[in-house]
Amino acid sequence: MKINVEIDCTPQEARAFMGLPDLTPIHDKYLSMMTDSMDGVVSPDLIENMMRSWAPISDASMGLWRTMFERAAK
C-alpha cells in the first residue's frame, strides 16, 4: 500500500508545524552584521570569530571570507 500526502504551506509554516524554532531574528541580525561589515562599520575579524563559532570552517575557507571582506572594505 502506498499513500501520498501533499501539503501546501510556506517554509515558515512547515518549520512551525515540525516544531522547529523561528530563527528569523537571528537571520536578520546576521544579515545586518554582514551589511554593516560591507559598509565598514563592523570589522572583518568580528565576523570571522562569529562564523567560526557557528560552523567548522577550514582555514582555506576562512581565508576566502577574510579576503572578500577586506576587498569590500576598501
Side-chain angles (χ1 to χ4, degrees):
M1 174 187 276
K2 184 175 182 180
I3 299 173
N4 292 324
V5 177
E6 188 173 321
I7 300 173
D8 184 22
C9 64
T10 66
Q12 183 177 6
E13 291 170 337
R15 285 190 295 272
F17 177 75
M18 299 295 287
L20 298 174
D22 181 16
L23 299 178
T24 303
I26 295 170
H27 179 72
D28 293 341
K29 179 73 173 173
Y30 175 76
L31 289 178
S32 172
M33 287 183 68
M34 294 295 280
T35 303
D36 290 345
S37 176
M38 295 295 179
D39 293 337
V41 175
V42 178
S43 70
D45 293 333
L46 178 63
I47 299 293
E48 177 182 349
N49 290 335
M50 179 184 67
M51 291 180 65
R52 280 190 190 269
S53 69
W54 285 357
I57 299 176
S58 69
D59 289 333
S61 298
M62 193 51 67
L64 178 65
W65 279 101
R66 175 178 282 151
T67 303
M68 181 183 72
F69 284 120
E70 287 173 352
R71 287 183 185 166
K74 291 180 183 178

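Computed from a predicted structure; not experimentally measured.
Around the CD atom of Gln12, the shell of radius 6.0 Å holds no more than 12 heavy atoms that belong to other residues, nucleotides or ligands.
Evaluation of the side-chain hydrogen bond (donor to acceptor under 3.5 Å, both in side chains) rule for Asp8 yields no partner, not counting sequence neighbours. In terms of the side-chain contact (heavy atoms from CB on, under 4.5 Å) criterion, residue partners of Leu31 (sequence neighbours excluded) are, by chain and number, His27.
The shortest non-hydrogen separation linking Glu13 to Thr10 is OE1-N, 2.9 Å.
The hydrophobic clustering, which links ILVMFWY residues whose side-chain heavy atoms are closer than 4.5 Å, places Ile3 and Ile7 together. Under a hydrophobic clustering in which Ile, Leu, Val, Met, Phe, Trp and Tyr are joined whenever their side-chain heavy atoms come within less than 4.5 Å, directly or via other members, Leu23 and Leu20 fall into different clusters.
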